[in-house]
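For reference, the structure is listed below as structure tokens.
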Amino acid sequence: MKSIIEIKNLTKKFKDFTAVDDISFDVKKGEIFAFLGPNGAGKTTTIRMLTTLLRPDSGKVFINGFDAAEQMHEVRKSFGIVFQDPSLDNELTAFENLEFHGILYNVLKDLRRERIEQLLKFVGLHERKNNFVKTFSGGMKRRLEIARGLIHHPKILFLDEPTLGLDPQTRSHLWQYIKKLNEEEQMTVFFTTHYIEEADKTANKIAIIDNGKIIANGTSEELKKQTKTNSLEKAFLEFTGSEIREQAGTAKDRAKLQGRMWGAR
Amino acid sequence: MKAVYIMWLRQLKRYWRSRGRMLGALGQPLLFFVALGFGLGPIYEKAGEGNYIQFLAPGIMAMTILFTSMFNGMEVIWDRQFGFLKETLVAPVPRFHIMLGRTLGGATVAVVQGLIVFAITLIFGFNPSWIYSLVALLFMFMIACAFTAAGISIASKLEDMQSFPIIMNFIVAPIFFLSGALFPLDNISPSLRALINFNPLTYGVDGIRGSLTLSSHINIFLDFGVIFGFMLILFLIGTYMFSKAEA
């Protein structure tokens, strides 16, 4: 099978802090790929470079065969994304947010309306579809973001901590839905999560990033074997250490936070 | 081109839903109009220049459009802060279309604000000639597009909400005061005149005034040429800046 995402020596620095440090890996077409790592490891920065939102300092990214720094339009046609942090328009209704997305992604009217109806029911927001997003709770916004990411069916779907803050029912539903899309449409799925058991259950391949470097890459079985552990969670802790990462504890994290304040998220 | 339409529609919906705030934004130009129009009017008339309300109204319309247009850039910064900018930046839509939709949306809002001010100046005694009113509308729209594009260009490079209004004041105030919106251009010192001639808004103000009151300082075709060219250039700059925006 051929690679649909190719990453070669990718590096990104924010001032003197290296968020992503010379990473290389591939994701095969039709794979469900889990990208794991502790807080601040470089997951979101990597995803932002894969999705044309951030220019790398060096290295190459190929998405569906297109260079993410050069052929941005072709790259953008190839993927869909559910962001980690909110990206909805609060002044629009739930329906309008989905409709806006559907039109931007050129989903034709009949199919668009059908999917919007279906997805609004799927995430349990159908009765609230004409309410402004600014009246929604955090969990409702999260569910709406997920629904929006699924309106068009891209070749590659990026999910940056999609299940954060969702109840177990919704999480289980969501993964079933995504697996179905993966099987029926050969959609490649690239996701990050802190729920290691989700990665264990869903992903064909797993990469672990820490301090901006890829420290493990393989199937769940391979990672367990490498660390001589019997669960992926234990393997993960073995690779990354059990020390707790504070978001703004070390000097490095402070630099990152500062970068964030100045917009270099 | 559907993307252009949906971007435009979004701006209008947001405008309509915040109409209270937008009506509030009309306070400043109307204060200028009433205070200057009625305060300086008698002196203006004594100096033999005629009716100052008649002279001032087009200038105040241009002012409203200038301020509203530039502040459209604020929407880009809002979108960045609330994360929505990412949604548009990853979309498989040419940056040119996104820029066009945003510019047309912002410009439409600015023109509507300008028309509301126009309606109010009528109540206060502005008596325009209606024959060339569509030409005036065209000028209003070109000014709106040009400065909306300028606002978006600046906002594409700015990350935080605080610096935008400050920069705006630095740019917008001189553009407004040195445009001939408030005073006639005859008999002013050559150095001031040179500054005013250098300001693109001068031609926009003169175009609106020429078509609504049939008296102007500059040839209307020159007005048109300058403001049209200025609009195109700013639109291209805006598209370029926006295509470089990160989120």
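Naming: A, B, ... by sequence-line order, numbering from 1 per chain. Bear in mind the structure is a predicted one, so any value in this text is a computation, not a measurement.
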Test: [X] and [Y] ion pair at under 4.0 Å:
X: E99(A); Y: R113(A); result: yes
X: R10(B); Y: D79(B); result: yes
X: K77(A); Y: E74(A); result: no
X: R17(B); Y: E96(A); result: yes

Do the ring planes of F35(A) and F25(A) sit parallel (below 30°), tilted (30 to 60°) or perpendicular (above 60°)?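 Geometry flag for F25(A) against F35(A): tilted rings.
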
Residue part contacting chain B, namely of [X], when any heavy atom lies under 4.5 Å:
X: I103(A); answer: side chain
X: R55(A); answer: both
X: F100(A); answer: both
X: H101(A); answer: both

Measure K2(B) against the heavy atoms of chain A and call it side chain, backbone, both or neither at under 4.5 Å.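 K2(B) touches chain A through backbone and side-chain heavy atoms alike.
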
Side chains of D160(A) and T192(A): do they bring a donor and an acceptor to under 3.5 Å?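 Checked: D160(A)/T192(A) side chains pair up, N/O donor to acceptor below 3.5 Å.
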
Would you say the ring centroid of F118(B) lies under 6.0 angstrom from that of W130(B)?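 So the answer is yes for these two rings.
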
Between Y203(B) and F228(B), ring centroids under 6.0 Å: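 For Y203(B) and F228(B), the ring centres are not under 6.0 Å apart.
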
Test I63(A) against K155(A) for side-chain contact (heavy atoms from CB on, under 4.5 Å), laying out the working first. CA-CA 10 Å; I63(A) 300 287; K155(A) 289 204 174 72; over 6 Å; no

Which one, A3(B), P94(B), S18(B), leads in non-hydrogen pairs under 4.5 Å with chain A?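 Of A3(B), P94(B), S18(B), P94(B) has the most heavy-atom pairs under 4.5 Å with chain A.
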
Heavy-atom pairs under 4.5 Å with chain A - which of V90(B), L158(B), V93(B) has more of them than the others?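 It is V90(B).
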
Among residues 96-115 of chain B, which residues come closer than 4.5 Å to chain A, judged by heavy atom distances?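 From residues 96-115 of chain B, none sit under 4.5 Å of chain A.
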
Who among L104(A), D89(A), N106(A) has the most heavy-atom pairs with chain B under 4.5 Å?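 Max contact count across the listed options: D89(A).
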
When T52(A), N90(A), L92(A) are compared by non-hydrogen pairs under 4.5 Å with chain B, the top option: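 Of the candidates given, the most pairs with chain B belong to L92(A).
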
Run through I120(B), L122(B), T121(B) and flag the one making a side chain to side chain contact (heavy atoms under 4.5 Å, CB included) with F124(B).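 Among the candidates, only I120(B) passes.
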
